[in-house]
There are 2 protein chains.
Amino acid sequence: MNLKQLSEHLKLSQTTVSRALNGYPEVSEATRQRVMKAARDLHYSPNLRAKGLATGRAQAIGHVLPISTQHEMVNPIFGDFISGAGQAYAGAGYEIVISLVGDDDEEAAYRNIRLRGSVDGIIVHGPRMKDPRIPLLTELGLPFVVHGRASQIDTPYSWLDTNNLRAFTRATEFLLDLGHRRIGLINGLEFMDFAFRRREGYVTALTARGLAPDPALMRSGEMTEVYGFRSAQEMLAGPDAPTAFLASSMIAALGVRRAIHAAGLEMGRDVSVITHDDDLGYLGNGQDVPLFTATRSSVRAAGTRAAEMLLQLIREPGHPPLTQMMEAELIIGSSTGPARR
Amino acid sequence: MNLKQLSEHLKLSQTTVSRALNGYPEVSEATRQRVMKAARDLHYSPNLRAKGLATGRAQAIGHVLPISTQHEMVNPIFGDFISGAGQAYAGAGYEIVISLVGDDDEEAAYRNIRLRGSVDGIIVHGPRMKDPRIPLLTELGLPFVVHGRASQIDTPYSWLDTNNLRAFTRATEFLLDLGHRRIGLINGLEFMDFAFRRREGYVTALTARGLAPDPALMRSGEMTEVYGFRSAQEMLAGPDAPTAFLASSMIAALGVRRAIHAAGLEMGRDVSVITHDDDLGYLGNGQDVPLFTATRSSVRAAGTRAAEMLLQLIREPGHPPLTQMMEAELIIGSSTGPARR
DNA sequence: TTGAAAGCGCTAACAC
DNA sequence: GTGTTAGCGCTTTCAA
């Protein structure tokens, strides 16, 4: 069933039917009702491609996932984020288009997204500290919102981010307050902006207490379990081993726990661990588990919010950039208890 | 830059340019080269919407995620699966469209996907045992491939699935061989097909050894850490506590480990745990961690394969259904060691 | 308040 | 081998 068929069925012109369906004021209320009813009864659903061609709007939002040989993992929160975003799009009649972009031909890929015209705006995922996509997209004039930030870019752009610096500052302070002086940092890849900011938070807290950050206690890598295990194992084997760890992901923290166990130590007695867990939001309520967390529902909320921001930018071209900071919750469970030092 | 402009620039008709670009044989090689070069130089990229309108093909594949109030989590492997699928699509020039479908208006949603014409085929995620989407899509004539299966549906359809039954049969047998007789099953929601089959595997292995499955040792729920913790805690507190656990997800297994620890027991000495981990494929190599695993790369491979299957079905309408079974790897690490009973 | 007609960017008969 | 022309399904002037 297409517009033409529907209009013939109703003995009206396509124009009138189209107007009735799209809420134009000039159709009489009677016709509108009649059209609406027929559309429903006959299961009419407009062809988005045709509509897009005619209007120049795609009625779709692109979510771009950078796929790199250096960091192969797709962030597991992606599903939750997109499900939140989907909620915002659904109301506005937008579809979601996923684009996977390798780091080899990044510029061409984004230019093509623009030229192909299949999206009206995009959400940029996984920003690096000096992400070239931001000036590029600005130049291309394609509305976009970054999920995260790029610390080394000064020109204004729209973003929504978790306060990673503050989260790690607080976590570090918490451990310092418990008396820890040697705290291992098991961080993500630090060319990724979120990881860079987390380290900044860690370093900030240490230096504020007059402690010099020790490079031997800082690791940066792709956050797998094995990475967490090896990093913690090396630190624990070294001279002046850490009495606490700050892990940038639940998975890496799993490895850290295993290393602690393998060293014959006990979590919460000999060694404390705090995890930042926005990469596994569905952990539950974190009961008894010490962590900073962006829970599933907050990741979803972030997705919805980012989508709303983007839709606003699309609706109002020329609108100045929108930004939003989300604070991470700090949940400290019993097993963090003061470590024996 | 569109076709018209490009053709004017080249002083050729749109037709010829279109043919040259799309590999039709009737253009002379010289013209084709000239056209290709100009297209590259001028950053020409065809408008997919217009192309789709003209051809009737959308050049896009839909991935449909069921969003339910009963199981809110988006499977974290989704990102990896789609990144694998994306690779297959990229080569064929397809885009990825994500649709989130609630369980309230499922039928209407799928009908609309069909009518809107924005995808040429879909991948169905998260199948339930008797999933109504399968007969519906068959009726609609929209090519589809199910990621997983629906045990209670007999009519043939295309699917790609992990051998969950076999994985859990083997895991259970492994524990039985170690001398365990009381094995707790921490399973996913059993109206989901994967969870149903996993229980079948567990039950099969027990009964084959003449053991009756004990309902007190079987749990079904959404796989959070808290769920694993509570389930294991209850079982351990009961009379005749289990000496081993089989957990359907890494996250739930985390909770199980915590419950074991809280009960004053030790993993690998008092209690063994095996995890099926296709929901967290990026765990690493599982070294020292006992688990069945669909690794990140295998999840990705599954995505690629499912996509290839779908593309074939789209290319050859009327092709009989394709099916593919993937075997889970069994990785047993040292900490599984025979339990003291 | 309604309709006729042009056009969005592209493909595909059908000529030549 | 290349060009002309008529759509694909919809929106949007312009006219009535």
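Each chain gets a letter, A, B and so on, in the order its sequence line appears, and its residues count up from 1.
- Distance from the side chain of B:Asn2 is smallest for C:dC10 among the nucleotides C:dC10, C:dC8, C:dA12.
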Close N or O pairs between protein and nucleotides 13-16 of chain C (under 3.5 Å):
none

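- Comparing B:Arg32 and A:Gln14 by the nucleotide of DNA chain D whose heavy atom lies nearest to each, the residue mapping closer to the 5' end is B:Arg32.
- Taking every nucleotide of DNA chain D with any atom under 4.0 Å from a non-hydrogen atom of chain B, the first and last of them, 5' to 3', are D:dG1 to D:dG9.
- Using modelled atom types, one finds no donor on one side chain facing an acceptor on the other under 3.5 Å when comparing A:Arg49 with B:Ser118.
- Donor-acceptor pairing under 3.5 Å is recorded for the side chains of A:Gln33 and A:Glu29.
- Taking only side-chain nitrogens and oxygens, B:Asn22 comes nearer than 4.0 Å to OP1 or OP2 of C:dT11.
- Two rings, from B:His63 and B:Tyr89, have their centers less than 6.0 Å apart.
- Test B:Ile123, B:Val64, B:Ile61, B:Thr138 against B:Phe144 for side-chain contact (heavy atoms from CB on, under 4.5 Å) and you get one pass: B:Thr138.
- Among residue pairs with one or both ends in residues 144-156 of chain B, those qualifying as salt bridge (Lys or Arg N to Asp or Glu O under 4.0 Å) are B:Arg149-B:Asp161; sequence neighbours excluded.
- At least one side-chain heavy atom of A:Arg111 sits less than 4.5 Å from a side-chain heavy atom of A:Leu136.
- Between B:Leu3 atom CG and C:dG7 atom P the separation is 18 Å, expressed in whole Å.
- Put simply, B:Lys51 has no side-chain N or O that comes within less than 4.0 Å of OP1 or OP2 on C:dG9.
- Looking only at atom types and distance, the side chain of A:Ser18 has no donor-acceptor partner in the side chain of A:Thr15 under 3.5 Å away.
- Considering only side-chain N and O atoms, B:Ser18 lies under 4.0 angstrom from the phosphate OP1 or OP2 of C:dT11.
- Closest to the side chain of A:Ser13, out of C:dG7, C:dA4, C:dG9, is C:dA4.
- Taking the nucleotide of DNA chain D with the nearest heavy atom to each of B:Leu12 and A:Arg57, the more 5' of the two is matched to B:Leu12.
- The OG atom of A:Ser158 lies 8.5 Å from the NE2 atom of A:His319; values are rounded to the nearest 0.5 Å.
- By the 4.5 Å heavy-atom criterion applied to side chains, B:Tyr157 and B:Leu137 are not counted as neighbours.
- Mapping B:Arg49 and A:Val17 onto DNA chain C by nearest heavy atom places A:Val17 closer to the 5' end of the strand.
- The NZ atom of A:Lys4 sits 16 Å away from the P atom of C:dG3 (whole-angstrom rounding).
- A:Arg116 comes within 4.0 angstrom of no nucleic acid atom, judged by non-hydrogen atoms across all strands.
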